[in-house]
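All of these numbers come straight from a predicted model, not from anything done at the bench.
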Amino acid sequence: MRIPVRPAAEADPPALLTVNGELNPDDGPLPQASADAVWAATASRQGRTVLVADADGTVAGTADRIVVPNLTRGGRSLLFVRTSWWPGPSGGAVSAVC
């Protein structure tokens, strides 16, 4: 099964909260005002892209990547990627940082 990947859209934060909430269930839900502020900062950050795996209209996973300046390695930028995906109601989300 192929699952398309696309940039996260303005309507995706509730689904992102659901997928990522599975990673830290003890955290409890993020208040909507806080979630809106975090998403606005995330979406406007230069060098940052959030991708979603869209399984028939359901966000099944995310990849959050950011390119940051670096004073080492000859000034070459660094790329950080954090991924998480939701295997469905039978299991919790899984995360990896590369």
**Request:** Taking all non-hydrogen atoms of both residues into account, name the closest pair between Val67 and Ser77 and its distance.
**Result:** CG1-CB, 3.6 Å

**Residues which pass side chain to side chain contact (heavy atoms under 4.5 Å, CB included) with Arg76, listed by chain and number, not counting sequence neighbours** = Arg73

**Asked** Run the side-chain contact (heavy atoms from CB on, under 4.5 Å) check on Asp64 and Thr62 step by step: do they pass?
**Response** CA-CA 6 Å; Asp64 186 351; Thr62 69; 5.6 Å; no

**Item:** Heavy-atom side-chain contact between Thr58 and Asp56 under 4.5 Å
**Value:** no

Check: residues 32-42 side-chain donor-acceptor pairs under 3.5 Å, at least two apart:
residue : atom : partner : partner atom : Å
Gln32   : NE2  : Asp36   : OD1          : 2.8
Thr42   : OG1  : Val38   : O            : 2.8

Identify every side-chain donor-acceptor pair in residues 6-17 under 3.5 Å, counting partners at least two apart or on other chains, and give the distances.
residue : atom : partner : partner atom : Å
Arg6    : NE   : Asp54   : OD2          : 2.9
Arg6    : NH1  : Asp12   : OD2          : 2.7
Arg6    : NH2  : Asp12   : OD1          : 3.1
Arg6    : NH2  : Asp12   : OD2          : 3.4
Arg6    : NH2  : Asp54   : OD2          : 3.3
Asp12   : OD2  : Ala9    : N            : 2.6

**Fill in**
Grouping ILVMFWY residues whenever side-chain heavy atoms fall under 4.5 Å, the cluster of Leu51 otherwise contains Val5

**Prompt:** What residues form a side chain to side chain contact (heavy atoms under 4.5 Å, CB included) with Arg45, not counting sequence neighbours?
**Reply:** Arg48, Ile66

**Prompt:** With sequence neighbours excluded, what pairs up with Thr49 under the side-chain hydrogen bond (donor to acceptor under 3.5 Å, both in side chains) test?
**Reply:** Arg65

**Request:** Would you name the heavy atoms of Ser84 and Asn20 that are closest together and state the gap between them?
**Result:** OG-OD1, 2.9 Å

